[in-house]
Participant: 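Okay, handing you the structure first.
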Amino acid sequence: MPSDPGKPPAPKKAMNRWPCTPTLTISDNVKILWRVMASSDSVTDVEKGAVTTPGPALPLESGAAVKKHDPTLNVHDEITPKNKFLAWLYQIEILLGFEARGIHRVKEQDQTEKTTLNFWQIVMMWFSINAAAQNITLGSIGQSVFELGFVDAVCCSVFGGILGTIPVAYTAGWGPWSGNRTLIVARFSMGWWPVKICVLLNLVILIGYSMIGAVIAGQILSAVSSNGSLSVEVGIVITAILTFVVTTFGIKIFHHFERWVWVFSSVILLILLGTTARHYDTTTPSVATGRTLIGNRISFFSVCLSAAITYSPGAADFLVYCNPQSATRWKVAGATMLGLTLSFSLTFILGAGLASGIATQPSWEAAGAGSGALIVAGYSSLGGFGKFCSVLAALGLISNMVPPTYSSGIDFQILGRYTAIVPRFLWNTLAVIIFTVCALVGKDSLSEIFTNFLALMGYCKFPFTAIRIPLTSLGVVLWIVITLEEEFVFRRRSDPKFVWSDWNVPSRLPLGLAATAAFCVGWIGAILCMAQVYYVGPLAKTVGDFGADMGNYVGFAWAGLVYAPLRWLELRHFGR
């Protein structure tokens, strides 16, 4: 029945922020949230010098409470959930004080001096992250797997680690500069869709590293316990739970945790060096000679470079709240380089030294290279105090597991529009579950995990073939060369070089055709030059009896040569 024309229309019922309207579907919710996310930077854009309006903004509901300003929490002011379950999850974040911000850009007004780390705090953060028993174990496989003497193992590992930290220092500076997470910045060179390849590969790295750290921690805790009364499985679960707690609460507790762990890490590592150095065999040469020795050196150098370079896709994630005027790109890069170089050098020397003494120390030989038990054996001469140091070394691995687990929660959100609206802490929880299960399954195969996963960070084996394609660290190498050329060749004269507020506007990002083609060409070069247990490329075979793993370097060169002309054509035809 039609309404009375003389009667004024009934007032519309006001929408409440909580609880949410139950009539909208999940699909409607995603579309609304995505519109809000796309318009979240429609403010004065400092880089453009003008007001940008990427799209129509969805107004917030009336009556929303004004919250105390907190750069890690105020992202909820930009998101208005329309689904009851999501609304409940966001309330949980606020109630428990979790970091609510995931892939949303940290704007200039949120990059405050209070949240800015100074030079030495950044150095200590990276030192704490990387001064872990995991790298000692990695340094020890130079002797056991590649049959290198002490001098060769130290030189290859230390210089490989230093070279690998250069890309990390480069990407770390993006955090304060852009306010975006690392692989969000990658959209500006890779494009909206191709960057998802980098995200998937990086998730393999992040979860894989956490898995290795959990296994080593479990082995150490088990070796310290009386007659192995504490099983490796229990040690894995303990470290996984502690990692989950730190990463779930977010960046604040992350920085507080890493700011002080370096003290304990430094002390226990120096104690280990002082206790074991007299047993190091620094004179026995490498087993191989000639071209085979050259190939073994290159392969181990590549393994250690890969261990360092894989920090690159997450380096900016931890520094997005820093003020770019205080934490300049050069300052952040220098601090990152210093912290990682010191920690890699110390841990790799310890690992090579412990491996060199295996032949003369029965307890070290019983533990074996490439295991957490070797570290416990190194402390054995200190008795009960040595066991205490071993426990601290195991718990120190948590500082190495926290960053990849934290970044994995962000990377899951970059995969798609539906994953972006799921709170970061849920993705962190999923990552912890995955690496814990994998660690429990692979607890007895740590040496094999190191030699197969860390060598170019894993090769994806084609079913029914012996060919493995380099995925993870090679993906980082290819992405780095593409990004370098994008910034310093194609955007060098642009003002600004990047409009960071376009982070979530696909039409203002590159198509990624040139980047995808360069990726493919780089992978082809890597396949020809890789040297692994299951497959040695035709070019790698030319070096010694076992080949030389040169996939990273050839892939970097080939991708760089191809990207520049293809990107020029892409810009000429598509203009973005």
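Excluded from the calculations below are hydrogen atoms, water molecules and symmetry mates; all remaining heavy atoms, backbone and side chain alike, are included.
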Participant: So, do Leu272 and Ile136 sit near enough that their side-chain heavy atoms are less than 4.5 Å apart?
Facilitator: yes
Participant: Counting N and O atoms only, with roles assigned by atom type, does the side chain of Thr341 sit under 3.5 Å from a partner on the main chain of Ile162, one being a donor and the other an acceptor?
Facilitator: no
Participant: Say whether, by atom type as modelled, one donor and one acceptor occur between the side chain of Asp411 and the main chain of Leu203 under 3.5 angstrom.
Facilitator: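 Not confirmed, Asp411 side chain does not pair with Leu203 backbone.
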Participant: Quick one: pull up OG in Ser343 and CZ in Phe348 and give me the separation to the nearest 0.5 Å.
Facilitator: 8.5 Å
Participant: Tell me, with the steps shown, if Trp503 and Phe188 meet ring-ring contact (aromatic ring centres under 6.0 Å, His included).
Facilitator: CA-CA 8 Å; Trp503 69 275; Phe188 291 85; 9.3 Å; no
Participant: Under 4.5 Å between any side-chain heavy atoms of Ile309 and Val477, yes or no?
Facilitator: yes
Participant: Counting C-beta onward and ignoring hydrogens, is there a side-chain heavy-atom pair between Ile205 and Asn202 closer than 4.5 Å?
Facilitator: yes
Participant: Quick one: side-chain hydrogen bond (donor to acceptor under 3.5 Å, both in side chains) partners of Glu570, sequence neighbours excluded?
Facilitator: Arg567
Participant: Answer yes or no: is there a donor N or O on one side and an acceptor on the other, between the side chain of Asp502 and the main chain of Val505, under 3.5 Å?
Facilitator: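 A pair under 3.5 Å: no.
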Participant: Is a side-chain donor or acceptor of Arg181 paired with a backbone partner of Gly102 at a separation under 3.5 angstrom?
Facilitator: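 A pair under 3.5 Å: yes.
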Participant: Considering only heavy atoms from C-beta outward, does the side chain of Leu269 approach that of Leu273 to under 4.5 Å?
Facilitator: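 Side chain of Leu269 against side chain of Leu273, heavy atoms only: no contact under 4.5 Å found.
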Participant: What heavy-atom pair brings Ile480 and Ser312 nearest, and what distance separates the two atoms?
Facilitator: CD1-CB, 4.4 Å
Participant: I need the Met337 CE to Trp126 CH2 distance, nearest 0.5 Å.
Facilitator: 12.5 Å
Participant: Can a donor-acceptor pair be found between the side chains of Asn504 and Arg187 at a distance below 3.5 Å?
Facilitator: yes
Participant: For side-chain contact (heavy atoms from CB on, under 4.5 Å), just list the numbers for Thr276 and Leu354, CA-CA rounded to whole Å, side-chain angles, deciding distance to a tenth of an Å, and then say yes or no.
Facilitator: CA-CA 7 Å; Thr276 60; Leu354 288 170; 3.9 Å; yes
Participant: Answer yes or no: are there more than 12 heavy-atom neighbours, outside Phe546 itself, under 6.0 Å from its atom CZ?
Facilitator: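 No, the 6.0 Å shell around CZ holds no more than 12 heavy atoms from other groups.
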Participant: Over all heavy atoms of both residues, which pair between Ile216 and Ala133 is shortest? Give the atoms and the distance, please.
Facilitator: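 Where Ile216 meets Ala133 most closely, the heavy atoms are CG2-CB, 4.4 Å.
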Participant: Might you work through the side-chain contact (heavy atoms from CB on, under 4.5 Å) test for Thr405 and Tyr209, ending with a clear yes or no?
Facilitator: CA-CA 9 Å; Thr405 306; Tyr209 256 121; over 6 Å; no
Participant: Check the pair Glu258, Ser399 against side-chain contact (heavy atoms from CB on, under 4.5 Å), reporting the backbone distance first and the verdict last.
Facilitator: CA-CA 7 Å; Glu258 300 291 357; Ser399 65; 3.4 Å; yes
Participant: With the side chain counted from C-beta on, respond yes when Arg424 and Ile103 share a heavy-atom pair under 4.5 Å apart, and no when they do not.
Facilitator: no
Participant: Can you find a heavy atom in the side chain of Leu340 that is under 4.5 Å from one in the side chain of Tyr311?
Facilitator: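 When only atoms from C-beta onward are counted, Tyr311 and Leu340 do touch, with a gap below 4.5 Å.
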Participant: Do side-chain atoms of Ser222 reach the backbone of Gly218 as a donor and acceptor pair under 3.5 angstrom?
Facilitator: no
Participant: Provide the closest heavy-atom pair for Phe519 versus Ile197 in the form atom of the first, atom of the second, distance.
Facilitator: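 Looks like CE2-CG2, 4.4 Å.
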Participant: Could you verify whether a donor N or O on one side chain and an acceptor N or O on the other, from Asp549 and Ser299, lie under 3.5 Å apart?
Facilitator: no
Participant: Between OG of Ser157 and CZ of Phe344, what distance do you get to the nearest 0.5 Å?
Facilitator: 10.0 Å
Participant: Which heavy atom of Ala288 sits nearest a heavy atom of Asn296, and at what distance?
Facilitator: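 Result for this residue pair: CB-ND2, 3.8 Å.
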Participant: Test side-chain contact (heavy atoms from CB on, under 4.5 Å) on Arg329 and Trp174 and set out the steps.
Facilitator: CA-CA 7 Å; Arg329 290 186 76 185; Trp174 291 347; 3.5 Å; yes
Participant: Does a side chain donor of either Asn552 or Ser302 reach within less than 3.5 Å of an acceptor in the other side chain?
Facilitator: no
Participant: Using only atom types and a distance under 3.5 Å, with no angle test, would you say the side chain of Ser286 pairs donor to acceptor with the backbone of Gly149?
Facilitator: yes
Participant: Distance from Trp523 atom CH2 to Leu528 atom CG, nearest 0.5 Å?
Facilitator: 15.0 Å
Participant: What are the two closest heavy atoms between Ala518 and Tyr563, and how far apart are they?
Facilitator: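 Taking every non-hydrogen atom into account, CB-CB, 3.9 Å.
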Participant: Does any non-hydrogen side-chain atom of Trp177 lie less than 4.5 Å from one of Val185?
Facilitator: no
Participant: Can you confirm whether more than 12 heavy atoms, excluding those of Tyr553, are under 6.0 Å from its OH atom?
Facilitator: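 Correct, the count exceeds 12.
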Participant: Tell me if the CZ atom of Arg576 is crowded by more than 12 foreign heavy atoms within 6.0 Å.
Facilitator: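 Counting other residues, nucleotides and ligands, CZ of Arg576 exceeds 12 neighbours.
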Participant: Please check if the side chain of Thr542 supplies one atom and the backbone of Leu539 the other of a donor-acceptor pair under 3.5 Å.
Facilitator: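 It does hold such a pair.
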Participant: If you define the side chain from C-beta out and look only at heavy atoms, does anything of Phe150 sit under 4.5 Å from Asp281?
Facilitator: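 They are not in side-chain contact.
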Participant: What is the distance from atom CZ of Phe435 to atom CG of Leu206, rounded to the nearest 0.5 Å?
Facilitator: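 Answer for the CZ-CG pair, Phe435 versus Leu206, is 11.5 Å.
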Participant: Find the distance between CD1 (Ile294) and CZ (Phe301) and round it off to the nearest 0.5 Å.
Facilitator: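 If we round to the nearest 0.5 Å, Ile294:CD1 and Phe301:CZ are 14.5 Å apart.
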Participant: For Arg492 and Glu487, run salt bridge (Lys or Arg N to Asp or Glu O under 4.0 Å): C-alpha distance rounded to whole Å, both residues' side-chain angles, the deciding distance at 0.1 Å, then the answer.
Facilitator: CA-CA 6 Å; Arg492 180 170 55 90; Glu487 178 178 353; over 6 Å; no
Participant: For residues Thr247 and Tyr406, report the shortest heavy-atom separation together with the two atoms involved.
Facilitator: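 Reported closest heavy-atom pair: CG2-N, 3.8 Å.
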Participant: Would you confirm whether Ser128, through its side chain, and Trp262, through its main-chain N or O, come within 3.5 Å as a donor-acceptor pair?
Facilitator: yes
Participant: Of Val481, Ile482, Thr483, which is the lone residue that meets side-chain contact (heavy atoms from CB on, under 4.5 Å) with Glu485?
Facilitator: Val481
Participant: Can you tell me if Ser345 uses its side chain to pair, donor with acceptor, with the backbone of Leu342 under 3.5 Å?
Facilitator: no
Participant: Hey, does the side chain of Trp192 reach the backbone of Arg508 with a donor-acceptor pair shorter than 3.5 angstrom?
Facilitator: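 Looks like no, no N/O pair under 3.5 Å.
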